[in-house]
Amino acid sequence: MLEELRQLLGRRCDFEPAEITDERGLFSARPLCVVYPETTDELSQILALANQRQVPIVPLGGNTGLCAGAVPHPEGKCVVLSLSKLQQVRHCDEINYSIAVEAGLTVAEVAAEAEARGMYFPLRFGADATAQIGGSIATNAGGSGVLRYGNTRELVLGLEVVLADGRVLSGLEGLRKDNTGYDLKQLFIGSEGTLGVCSAVTLKLFPPLPHRQVALAEVASLTQAVELFKAARDEVGELLLAFEWMSAPATAISVGKGLSPNQAGMDNGSDLVLLELASALPDEPALRMEKLLTQAIDSGLVSDAKIAASQSDTEKMWSLRELIPQGEKRQGGSLKHDVSVAISALAEFVESASQAAKAVDPDVKLCLYGHIGDGNIHFNLLPSSSSSAQATALSEAVYGAVSQYGGSFSAEHGIGMLHTATLSRYKDPVAVNLMRQLKSLLDPNNILNPGKVIA
Ligand code: 2HG
Ligand code: ZN
């Protein structure tokens with residue numbers, strides 16, 4: 001197999017690869033080799049070979065995932081398939097508002113390509129400068145634009161996917177309506193490279209929203225944050241682009257990067273909501289934000305607010321939010337629970353999960369924040385010890401509460417290697433069984449990212 005790869009790709013095969021470690025530093029392993037195809041045809045030949053020889057393939061994008069879905073399994077000898085050299089913009093259609101790009105462009109590069117053509121691509125999250133669009137499709141990435149534009153899934157018009165046996169399923173035409181039977185592309189979005197490898201995608205673009213207004217609002221509790229969300233929805237409707245909640249401990253952790261709530265214009269030690277409004281009309285976001293926050297202060301929902309007055313204010317406010325995960329990393333990492341419940345159940349769920357976690361570890365620190373307009377909380381914990389038994393008990397406590405409130409134990413980060421046991425435990429057995437059947441239909445030799453999603 002290695003010799004055949006050398007013949008196919010020449011120098012675009014690395015036979016002495018370094019260990020590959022996931023973003024959180026939880027798993028490290030050295031693959032047999034890393035291959036760098038430049039075309040879909042090469043990708044198809046690699047998969048056909050791997051399927052004949054029954055060699056596991058691990059697709060790798062920007063390696064920014066948080067569940068170790070794109071790194072070699074410690075047990076398996078595998079070939080890592082880097083998508084980074086699939087770099088073409090295949091097609092851009094300004095009337096259809098769509099762009100067809102290959103998997104290796106970063107999310108930020110796709111957004112820049114759209115912007116250069118006077119359009120807007122709305123996927124955005126902390127790692128979007130490094131994350132590749134192929135990986136975002138494989139993981140159905142979320143982020144702070146989901147509130148208005150949906151997850152990656154909602155942004156995909158069509159895919160080109162290479163199947164386990166090397167066949168290519170093509171659908172890049174950019175159709176906005178196609179009701180000819182099963183919507184197969186949806187199977188591959190979020191499948192984390194276990195059902196096929198996405199080589200290119202046609203994405204929806206939108207009219208630009210050049211006028212933006214960001215603000216921070218201080219709230220006394222999560223209940224008030226949720227009430228503010230309802231008020232914002234009622235008051236400004238579609239103008240609401242982002243609504244992010246940060247508990248005081250989360251903003252305190254973000255401080256190390258040289259920015260505190262105080263420097264962003266707020267008191268340290270309070271829970272904050274970051275709101276962003278966007279519109280095509282010049283003064284609309286600023287005027288509507290002012291009205292919304294004045295009303296919220298008058299009604300006692302918000303105790304203080306600061307409206308960004310410059311680009312620098314805007315950047316500071318966003319970095320306060322986006323640098324929380326890096327702050328956690330500097331503290332040695334957090335025990336992450338990327339969970340969701342119905343927005344209306346958020347406050348009660350957080351109360352119940354917090355109590356359950358404290359019953360396990362009375363000194364646990366809670367570092368809670370998230371996309372509460374999507375019902376998605378990053379219920380991250382800094383346990384009082386490094387005991388793995390304690391970590392397991394804490395996660396059980398949190399997931400128990402998630403289950404009680406009818407939520408999801410992985411709202412946006414996926415399953416990867418990290419959550420395979422949690423999936424078997426908490427997902428509907430009928431769904432898990434169907435997932436297994438689909439996996440064996442599409443990848444009968446189990447060569448596509450084995451050990452990920454379903455063990
Ligand atoms: C975010 O919202 C990301 O910042 C990362 O989803 C969350 O690291 C985390 O727990
Ligand atoms: Zn998130």
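None of the values given here were measured: they were computed from a predicted structure. One-based numbering, in listed order, for ligands and for the atoms of each.
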Check: Between Tyr405 and Phe349, how do the two ring planes meet: parallel, tilted or perpendicular, split at 30° and 60°?
Finding: perpendicular
Item checked: the Zn ion (ligand 2) to Glu412: nearest N/O/S atom name -> OE2
Notebook entry, point to check: Looking only at non-hydrogen atoms, which of Ile324, Leu335, Leu66 approaches atom 5 (C) of ligand 1 most closely?
Noted result: Leu66
Margin query: Under a 3.5 Å cutoff, is there a donor and acceptor pairing between the side chains of His211 and Glu284?
Written below: no
Next item on the list: For atom 10 (O) of ligand 1, find the nearest protein heavy atom and state the residue, atom name and distance (0.1 Å precision).
Entry: Asn380 ND2, 2.9 Å
Next item on the list: Consider only side-chain N and O atoms of Tyr369 and Asn380, and report whether a donor and an acceptor are under 3.5 Å apart.
Entry: yes
Next item on the list: Please say whether more than 12 non-hydrogen atoms of neighbouring residues, nucleotides or ligands are located less than 6.0 Å from CD in Gln186.
Entry: yes
Margin query: Looking only at the aromatic ring of each residue, does the gap between the centers of Phe409 and His337 stay below 6.0 angstrom?
Written below: no
Check: Just which atoms of ligand 1 are under 4.0 Å from any heavy atom in His378?
Finding: 1 (C), 2 (O), 3 (C), 6 (O), 7 (C)
Check: In terms of atom number and element, which parts of ligand 1 are under 4.0 angstrom from non-hydrogen atoms of Pro325?
Finding: 4 (O), 5 (C), 8 (O)
Check: What is the nearest protein non-hydrogen atom to atom 8 (O) of ligand 1, stated with its residue, atom name and distance?
Finding: Lys336 NZ, 2.8 Å
Note to self: Could you identify the single nearest non-hydrogen protein atom to atom 2 (O) of ligand 1 and state the distance to 0.1 Å?
What the structure shows: Arg321 NH2, 2.6 Å
Next item on the list: Take the Zn ion (ligand 2) as the vertex and measure to NE2 of His371 and NE2 of His378; round to 10°.
Entry: 100°
Notebook entry, point to check: Hey, is Tyr369 touching ligand 1 through its side chain, its backbone, both or neither, going by heavy atoms under 4.0 Å?
Noted result: side chain
Check: Is it true that His419 and His413 have ring centroids separated by less than 6.0 Å?
Finding: no
Notebook entry, point to check: So, the side chain of Asp338 versus the backbone of Glu412: is there a donor-acceptor pair under 3.5 Å, distance only?
Noted result: yes
Next item on the list: Check whether any N, O or S atom of Asp338 sits under 2.8 Å from the Zn ion (ligand 2).
Entry: no
Next item on the list: Determine whether the aromatic ring centres of Tyr120 and Tyr149 lie less than 6.0 Å apart.
Entry: yes
Check: Does Asp338 approach ligand 1 within less than 4.0 angstrom via side chain, backbone, both or neither, non-hydrogen atoms only?
Finding: neither
Check: Numbering the atoms of ligand 1 from 1, which are under 4.0 Å from a heavy atom of Glu412?
Finding: 2 (O), 6 (O)
Item checked: Which of the ligand 1 atoms, numbered from 1, are nearer than 4.0 Å to a heavy atom of His371 -> 2 (O)
Check: Would His413 count as a contact of ligand 1 if the rule is a heavy atom under 4.0 Å away?
Finding: yes
Notebook entry, point to check: Looking only at heavy atoms, what is the nearest atom pair of Val197 and Leu83, with distance?
Noted result: CG1-CD1, 4.1 Å
